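Since the structure comes first, as structure tokens, the remarks are kept for the end.
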There are 2 protein chains.
Amino acid sequence: MDKRTHIINTALNTFYQKGIHSVGINEILKQANVAKKTLYNHFVSKDELICACLEVRDQRFNRWLSNQIADCATPQQVAGALFSAIARWIDNKVPELGDFNGCFFINTSAEYPEPDHPIALQCAAHKQAVLELLINTLSQTTQLQHQPTKATQMAHLLMTLKEGMICQARVTHTTNHYLQNPEFLAQLMDAQA
Amino acid sequence: MDKRTHIINTALNTFYQKGIHSVGINEILKQANVAKKTLYNHFVSKDELICACLEVRDQRFNRWLSNQIADCATPQQVAGALFSAIARWIDNKVPELGDFNGCFFINTSAEYPEPDHPIALQCAAHKQAVLELLINTLSQTTQLQHQPTKATQMAHLLMTLKEGMICQARVTHTTNHYLQNPEFLAQLMDAQA
DNA sequence: AAACAAGTAGACCGAGCTGTCTACATGCGC
DNA sequence: GCGCATGTAGACAGCTCGGTCTACTTGTTT
């Protein structure tokens, strides 16, 4: 396998589970069975490796989420698909996202408080991309295809709920089950539409 | 002033702004103008200092939030007071909580991924306390005082929205303004009641 | 005055970190 | 067969970290 990809996958996994600052380069080398020089042939620094991990995670997560909410005809269906997908992720039933440990981008951003740091910027960009995915998906439902303002408003609501759900699960190890109740969701969405 | 309190205040401020692992003991000593031995007379380790900071932050935050949503007669008012308070915090208009840098407990928890770590447990306990504050407050509104299930359900919704709002503000430096629109909130709450 | 608690200043230790460098092995194109 | 890119293994430098310890100062109690 491509060494570079192998290193990124190993690093992504370890960083996601243990955080960035807690994990040294040597630990990644050991887990990847790779020499230090090989790593530094592919990445000039730990920071660049982190950025590569964020990029891969971003692609992987967006592809997964995009599939989960595709082909939804109504906003209610989008919301239902979104929250049940997140719940499955929290419940460790989505192997491609790894053992749930919160949002990799929120976690990483918390370790890089300077807003202008490249890593922090990449985390913010991911969130923007997800929001746009939600807006686009909602805009393609029959109810909202000619109401871009409503679609944007609803996307923000879903986004905020999604972030909250993930953070709560990460910190308290609980899941907000109300967000998976179809009646609850119908009321929530009806109120907006 | 009490040295111990002074150290905690300085450490809390620095930890909140820059994260835990990024900040060394020496940096705190310098900012607090305190000798290393003094610090280690009051705290056996950095971890114990962190725990003390979490405790102070927990008290301070809960007292503040409790005041913000006290004396609300309806769930709508609770929601309105909650989100406008959070928005003010994000907007750096709440000096007692310091310059906004997300939720100290979520940030800190992200740096201690092991669920059984005392620090992680303390972060989780804080979230539980806030949830209970919301449940109690909602249970005292006229609409919900005899509907504990509804009150709990609504508290979970508000809690998830609050967490999401804070995380989004932390990562993307944007505020979900829809949550401050009274009509939006009324619809949201009506759907539940 | 003497004893003592509590503070300052900072050297120091052992450990861990990122990143460099040397020495050697392997496989592929020419 | 030879050159060269790419890999392994790991010592090493230079730094920072948490935490200990010594030496000295200050203020209070008895």
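The chains referred to below are lettered A, B, ... by the order of the sequence lines, with proteins before strands, and numbering in each begins at 1. Computed from a predicted model, the values in this text were never measured in an experiment.
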Distance, rounded to the nearest Å, where A/K30 contributes NZ and C/dG16 contributes C1': 14 Å
Electrostatic pair B/R63:B/E96 at N-O distance under 4.0 angstrom: no
Between A/E183 and A/Q187: side-chain donor-acceptor atoms closer than 3.5 Å: no
Flag for B/Q128-A/T172: side-chain donor and acceptor within less than 3.5 Å: no
Sugar-phosphate, base or nothing in reach of A/V23, heavy atoms under 4.0 Å: sugar-phosphate
B/H42 vs C/dG7: side-chain N/O to OP1/OP2 distance below 4.0 Å: yes
Any donor-acceptor pair under 3.5 Å from B/E163 side chain to A/E163 backbone: no
Euclidean distance, atom CG of residue B/N41 to atom P of D/dT20 [Å, nearest integer]: 11 Å
Evaluation steps, salt bridge (Lys or Arg N to Asp or Glu O under 4.0 Å), between B/E27 and B/K18: CA-CA 11 Å; B/E27 185 174 342; B/K18 302 193 182 179; 2.7 Å; yes
Rounded distance in Å - CG (A/N26) to C1' (D/dA11): 12 Å
Under-4.0 Å side-chain N/O to phosphate OP1/OP2 contact, B/K3 with C/dT8: yes
Spacing of A/I28 atom CD1 relative to C/dC17 atom P, expressed in whole Å: 11 Å
Closest approach of A/Q76 to A/A186 (non-hydrogen atoms, all atoms of both residues): CG-CA, 4.0 Å
Side-chain donor-acceptor contact under 3.5 Å, B/Q168 with B/T174: no
Donor-acceptor pair (no angle test) under 3.5 Å: A/K36 side chain, C/dG19 base: yes
Residue whose nearest DNA chain D nucleotide is more 5′ - B/S22 or B/V44: B/S22
Integer-rounded Å distance: D/dC17 P and B/E27 CD: 8 Å
B/K37, nearest nucleotide to its side chain (from C/dA9, C/dT18, D/dG7): C/dA9
Sugar-phosphate only, base, or nothing, as touched by A/N33 at under 4.0 Å among non-hydrogen atoms: sugar-phosphate
Close residues, residues 4-21 of chain B, relative to DNA chain C [heavy-atom separation under 4.0 Å]: none
d(CD, A/E48; C1', C/dG19) in whole Å: 14 Å
Rounded distance in Å - CG (A/D47) to P (C/dT18): 10 Å
Distance-only polar pair, side chains of B/N9 and B/N13, donor-acceptor under 3.5 Å: no
Any B/T38 side-chain nitrogen or oxygen under 4.0 Å from OP1 or OP2 of C/dT8: yes
Proximity to the side chain of B/Y40 - top-ranked nucleotide from D/dA9, D/dG18, C/dG7: D/dG18
Rounded interatomic separation in angstrom, taking CG from A/L29 and C1' from C/dT20: 14 Å
Of the listed nucleotides D/dT8, C/dT20, C/dT8, the one nearest the side chain of B/V34: C/dT8
